[in-house]
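Predicted, not measured: the structure shown is a model, and the values here were computed from it.
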Amino acid sequence: MGMTYFKRYRMEFDLRNLRSDEPMVPAEYELVAFAADQLREHAIAKYNSFRYELDADVFPCLARRDGCLKLMRDITSRHDFVPQATWLIRHLEQDPTTGSICKLPVGTIQGLSSDGWGAVQNLGVSPLHRGKGLGSILLAKAASGFASVGLEKMHLEVTTENTGAVRLYERMGFRKSRIVYKAAEVAGARS
C-alpha cells in the first residue's frame with residue numbers, strides 16, 4: 001500500500017438559475033424521496049454504483065457493503081443533513097415465476113448544507129442502469145431540494161478521471177471552480 005493523490009474538481013451550480021422542468025423518470029423506474037427506513041436501499045445502490053469504480057480507491061468505504069451502510073448512517077445523522085436533497089431510484093422488475101414486482105435500488109444521491117451551500121455527497125447509478133438519464137434526474141431533484149430549504153448555491157466534487165460524470169455535471173450547468181487533491185492509500189501505489 002502506498003499513498004497517492006487523486007485530482008478532483010470542485011464544481012458549483014447557482015440554484016437561482018434552476019429550471020423548473022425536471023427530467024421524466026422512465027416507466028420502469030420509481031423515484032423515492034428520502035425516508036429513514038431506506039438507509040439499506042441507499043447503501044445497496046451506493047455499493048453497486050461505486051464498488052468497481054475509481055471512487056472506491058479514493059473512498060475505500062464505497063467498495064464495501066458495510067462501508068456504504070455506515071456512510072449512509074453517518075450522512076443522515078449529521079445536523080446539516082438535507083433530506084429534501086436525498087433521493088433513491090428503484091428499478092421495477094417483474095419476477096417471471098410469481099409475476100410480482102421487485103423493486104431494486106439502483107441510484108442514490110445525498111445532500112448536506114455546508115456554509116450556506118448545498119453539498120452533494122454521493123451521486124451513484126448502478127452500471128447496468130446508466131445512460132438512461134437517472135443521474136440527471138437525481139441531480140435535478142437534489143438541486144430542487146436544496147432550493148426548497150433556501151439554499152442559493154450547490155457544489156460537489158468529482159475525480160477528474162471520471163469523465164462521464166464531469167460531462168453530466170457540465171451538461172446540468174455546473175462549472176469547475178477549483179482543483180482539490182484527495183490523499184488515499186492504494187494497493188500498488190508507491191509511497
How far apart are the closest heavy atoms of [X] and [Y], and which atoms are they?
| X | Y | answer |
| --- | --- | --- |
| D95 | C102 | CB-SG, 4.3 Å |
| Q94 | G99 | NE2-O, 3.1 Å |
| L151 | S113 | CD2-OG, 3.8 Å |
| C61 | L71 | SG-CD2, 3.9 Å |
| S49 | G124 | OG-C, 3.2 Å |
| G111 | T86 | N-OG1, 3.2 Å |

Quick check on the hydrophobic clustering: are [X] and [Y] connected, directly or via other members, by side-chain heavy-atom contacts under 4.5 Å?
| X | Y | value |
| --- | --- | --- |
| Y169 | I137 | yes |
| V158 | Y181 | yes |
| L123 | F146 | yes |
| W117 | F174 | no |
| L134 | Y47 | no |

Rounded distance (nearest 0.5 Å) linking atom [atom1] of [X] with atom [atom2] of [Y]:
| X | Y | atom1 | atom2 | value |
| --- | --- | --- | --- | --- |
| S126 | F50 | OG | CZ | 9.5 Å |
| E157 | K182 | CD | NZ | 9.5 Å |
| L69 | D66 | CG | CG | 8.0 Å |
| M72 | Q38 | CE | CD | 8.5 Å |
| F59 | E53 | CZ | CD | 14.0 Å |
| W87 | H42 | CH2 | NE2 | 10.0 Å |

Between [X] and [Y], is any pair of side-chain heavy atoms under 4.5 Å apart?
| X | Y | answer |
| --- | --- | --- |
| R73 | L39 | yes |
| N162 | R8 | no |
| E30 | V25 | no |
| L112 | I75 | yes |
| V120 | I109 | yes |
| S136 | M172 | yes |

Original post:
Do other residues, nucleotides or ligands put more than 12 heavy atoms under 6.0 Å from E161 CD?
Top reply: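 Not buried by this count: 12 neighbours or fewer within 6.0 Å.
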Original post:
Do other residues, nucleotides or ligands put more than 12 heavy atoms under 6.0 Å from D115 CG?
Top reply: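 Atom CG in D115 is not crowded, with 12 or fewer foreign heavy atoms closer than 6.0 Å.
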Taking NZ, NE, NH1 and NH2 as the nitrogens, is one of them in [X] or [Y] under 4.0 Å from a carboxylate oxygen of the other?
| X | Y | answer |
| --- | --- | --- |
| D74 | K70 | yes |
| R16 | E152 | yes |
| E28 | K103 | no |
| E12 | R175 | no |

Original post:
How far apart are the C-alpha atoms of M154 and L139, what are their side-chain angles, what is the distance that settles it, and do they pass the side-chain contact (heavy atoms from CB on, under 4.5 Å) test?
Top reply: CA-CA 11 Å; M154 67 186 280; L139 200 54; 4.2 Å; yes
Original post:
Does the side chain of T159 come under 3.5 Å of the side chain of D55 through a donor N or O and an acceptor N or O?
Top reply: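 Yes.
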Original post:
For residues Q84 and K141, is any side-chain donor paired with an opposing acceptor at under 3.5 Å?
Top reply: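 Result is no, nothing qualifies.
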Original post:
Are F81 and F34 an aromatic pair by the rule of ring centers under 6.0 Å?
Top reply: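 That pair passes the under 6.0 Å test.
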Original post:
Parallel, tilted or perpendicular: which describes the rings of Y29 and H129, with under 30° parallel and over 60° perpendicular?
Top reply: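 Ring orientation, 0 to 90° scale: perpendicular.
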**OP:** Kindly determine whether L138 and I89 satisfy side-chain contact (heavy atoms from CB on, under 4.5 Å), including the steps that lead there.
**Re:** CA-CA 8 Å; L138 288 167; I89 291 185; 3.7 Å; yes
Subject >> Worked verdict on Q110 versus T108 for side-chain hydrogen bond (donor to acceptor under 3.5 Å, both in side chains) >> reply: CA-CA 7 Å; Q110 307 89 50; T108 181; 2.7 Å; yes
**OP:** Quick one: do F13 and L156 satisfy side-chain contact (heavy atoms from CB on, under 4.5 Å)? Show the steps, please.
**Re:** CA-CA 9 Å; F13 181 78; L156 53 81; over 6 Å; no
